[in-house]
Number of protein chains: 2
Amino acid sequence: MSAKHAKQQRPAPETARAKEPELDRRKTSILGTVVYEYIATGEPVGSATLTQKYNLGISPATVRSELASLDEEGYLEQPHTSAGRVPSDRGYRYYVDRLMLPETLTPEERERIRGEVRRATHQLDAVVDHASHVLSNLTRSIAFAITPRLGSQVFRHIELIHVGAHATHLVLVTNLGLAAQVTVETAHEANAEHLLRATHNLNARLEGKALSEITLDKLRAIARETPLPEELVTAVADLLAEHTGVEGERRLFAGGAHNLLDQQEFRDLRKLRAILDLLEEQQTLYALLHGSLNSAGPTVAIGHELPNADMSECSVVTVPYKVANKNAGAVGILGPRRMQYARLIALLDCMAESLNALFVGEPELE
Amino acid sequence: MSAKHAKQQRPAPETARAKEPELDRRKTSILGTVVYEYIATGEPVGSATLTQKYNLGISPATVRSELASLDEEGYLEQPHTSAGRVPSDRGYRYYVDRLMLPETLTPEERERIRGEVRRATHQLDAVVDHASHVLSNLTRSIAFAITPRLGSQVFRHIELIHVGAHATHLVLVTNLGLAAQVTVETAHEANAEHLLRATHNLNARLEGKALSEITLDKLRAIARETPLPEELVTAVADLLAEHTGVEGERRLFAGGAHNLLDQQEFRDLRKLRAILDLLEEQQTLYALLHGSLNSAGPTVAIGHELPNADMSECSVVTVPYKVANKNAGAVGILGPRRMQYARLIALLDCMAESLNALFVGEPELE
DNA sequence: ATTAGCACTCTCGTGCCTTGATTGCCAATC
DNA sequence: GATTGGCAATCAAGGCACGAGAGTGCTAAT
């Protein structure tokens, strides 16, 4: 539902240009300055501040009339009569679509992100979790991410490890270097020799297949060739299903809620609570990230453009990342509407690229 | 530092009895009622409330003089002159040590906890993380837990899996069914045949050894027998070190911070922030859990008994859990001083027992 | 079209007052 | 002598008025 409103940012947002009438030069400059100043200070911006801090070349009175006009057109809002102006959703949107200068990270920042991603262990969940942590620390906002749908990964290796008479440990490795594992306790005693043969057999038969292709039936067929306890067959199937089934298809990681405490817009405990509940619930964040999978670049959703009324004072930036050159997962940042859009987009872009590099596909191609 | 103050709860706290003079019957009853009522309502308790809600058989005036006396002796405090009484640290301590009735969980609750623990995957980190999540949801407080020191675990199996010309996946399984894994990228091409032989060799040589016994030197010696790339040897050593070294010896999991928002004592954002920072920092929580490893049962630390001044309005209950019948890890709960001590102790006890059952030692003995 | 001047509006902080809850004390009572 | 009822004293919290400050919108002059 949010995707309808949220416009893409990167590939020259034509829709936005069509919808939003272009503002004249002076209005543009004033709107931009108000947004910039408000993002920086968090205080409503008045005509005096604008003329004093920025060299606009016009008097406060003129600024006032322009502000009134921008207010009327819906780009700005007044918290109350005797306060300065604050950007509205529309004002932020105009800023994001047309005014904002893209920011570039310093080489150190880029390297920091790349390094953090690279030094993660090769477990998919851990990588994505780590990515969201890094982003949340870097941005001092809430960061969240979803893992790729796993069914598209390619089977590389399975190992049935005999770790006790009644316990077998399963390890599944895919082309992304990701591994899943589980220990299975079997009623019947497992035979180490049989396990070895079964391992061999499974690997020979399944090599190169997409995880989603491997069904319980297929496994049964293979199991029949070696005397493998039924419990193990279903365990293997479960392990696969956990990664391809509708349920566990994707995992969502979110973190950094404590950063909200620093934001003055969340001084109100009820608002804070609403957002924290949103994090617990996961559904909404999931939908936002899922929606961004269809776009090539960053997606920005501002205030009421977001699907949830509780988020009307927030903005969300999401960026998809690729596995084997196809959009597969996404990372995002949730913060107050008054966020540093350009910087967050740059950071997310960099993170997405780092993940792309990690998930380039076949490890041996690297 | 906290352990000095925190007294054990279960095994008849003699020290407490020696230190704290016994209060007369009526004072005891009043103190108990005040604590009970305050825990239930969160409002300072006055003489009127006490005589109306509880059948004390004495008039408000008499209650008042007793309250004044308990106040003087340091068991109660007054937020301000015209308010009711609130338990002090000492008051809570007396309550916890001598007044509180142990609570028993319903069979459903016990089963719920046991079930949650059992259905966890057999990865140590995941189990402990899950345990802390379950506790935090059940108690609507912050729950936290540390994993066992891993060096005491016994090597059961290692597997070097060839997942690409330049990538090898290592899986380590211990007697607890726990597994750790990592993917290693090697500069030299790994030979599948060699990996197989090395796997065999390592398993034969290391079976039954404590992880802490396995040193880099020993690994090198074994590696020399089969042509194993140096990178893999160090990777194996790193994997082991990660689990036995001082650094990664234990992991701490904490969660449920959002529950604090419901507590009226954390309406103040600064206090909230102080606690959240504590969670991030981990050090303090770690120390608390580590301290509880020496005790047999639950440990309660109240207000200023805690090591950190920021926690002076909180209490912490910790309980150790066992691996192979020896205290190895611990779980704890952090909440406002006004917590349901008896219930939390019961829940933690149950959780510890469930973990004990899971970590009973050799899986094949089950 | 722009600007200076000015009256107007609204928030925020301060201080004051009232209200209500609770105590501590004292004299009367069992 | 412990207990009790009565009563003045105390203090937080909420409501209200008031002034300061910030910022606007309007109007008349440039």
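A, B, ... follow the sequence lines: proteins, then strands. Residue 1 opens every chain.
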Audit row: B:Y341, B:E103, side-chain hydrogen bond (donor to acceptor under 3.5 Å, both in side chains) steps and yes/no: CA-CA 9 Å; B:Y341 292 93; B:E103 195 157 318; over 6 Å; no

5' precedence on DNA chain D between B:P60 and A:Q78 (nearest-nucleotide basis): B:P60

Rounded to whole Å, how long is the line connecting atom NE2 of B:H80 with atom C1' of D:dT10? 10 Å

What contact category does B:A83 fall into here, base, sugar-phosphate, or nothing, at under 4.0 angstrom with non-hydrogen atoms? sugar-phosphate

Specify the separation, in whole Å, of atom CZ of A:R267 and atom C1' of C:dC12. 13 Å

Considering only side-chain heavy atoms of A:S82, which listed nucleotide, D:dT10, D:dA22, C:dA4, is closest? D:dA22

Does NZ or CZ of A:R337 come closer than 6.0 Å to the centre of the six-membered ring of A:Y92, within 45° of the ring's axis? no

Distance criterion of 3.5 Å, no angle test: do you see the side chain of B:R85 paired donor-to-acceptor with the base of C:dG24? no

Across the strands shown, which category fits A:A68 at heavy-atom distances under 4.0 angstrom: base, sugar-phosphate, nothing? sugar-phosphate

Whole angstrom is fine here: how far is it from CD in A:E77 over to C1' in C:dC10? 17 Å

Can you tell me the distance, in whole Å, between the CG atom of B:L70 and the P atom of C:dT23? 13 Å

Find which nucleotide of DNA chain D each of A:P44 and B:I58 is nearest to by heavy atoms, and output the residue with the more 5' nucleotide. B:I58

In this structure, how many angstroms lie between the P atom of D:dT4 and the CZ atom of B:R26, rounded? 8 Å

In whole angstroms, how far is the C1' atom of C:dC25 from the CD atom of B:E66? 16 Å

Quickly work out the B:R64 CZ to C:dA21 P distance and round it to whole Å. 15 Å

From CA spacing to verdict: salt bridge (charged side-chain N to carboxylate O under 4.0 Å, His left out), B:R343, B:E109: CA-CA 11 Å; B:R343 179 169 167 76; B:E109 289 174 318; 2.9 Å; yes

Separation of D:dA22 atom P from A:L67 atom CG, nearest Å, is 18 Å

Check B:E72, B:E73, B:E22 against B:K27 for a salt bridge (charged side-chain N to carboxylate O under 4.0 Å, His left out) and give me the one that passes. B:E73

On the nucleotide D:dT4, are OP1 or OP2 found under 4.0 Å from the side-chain N or O atoms that B:T62 carries? yes

Using a 4.0 Å heavy-atom cut-off across all strands, classify B:S47 as base, sugar-phosphate, or nothing. sugar-phosphate

Nearest non-hydrogen partners of B:V300 and B:E305, listed with the distance: O-OE1, 3.9 Å

Any N or O donor-acceptor pair under 3.5 Å from the base of D:dC11 to the side chain of B:T81? no

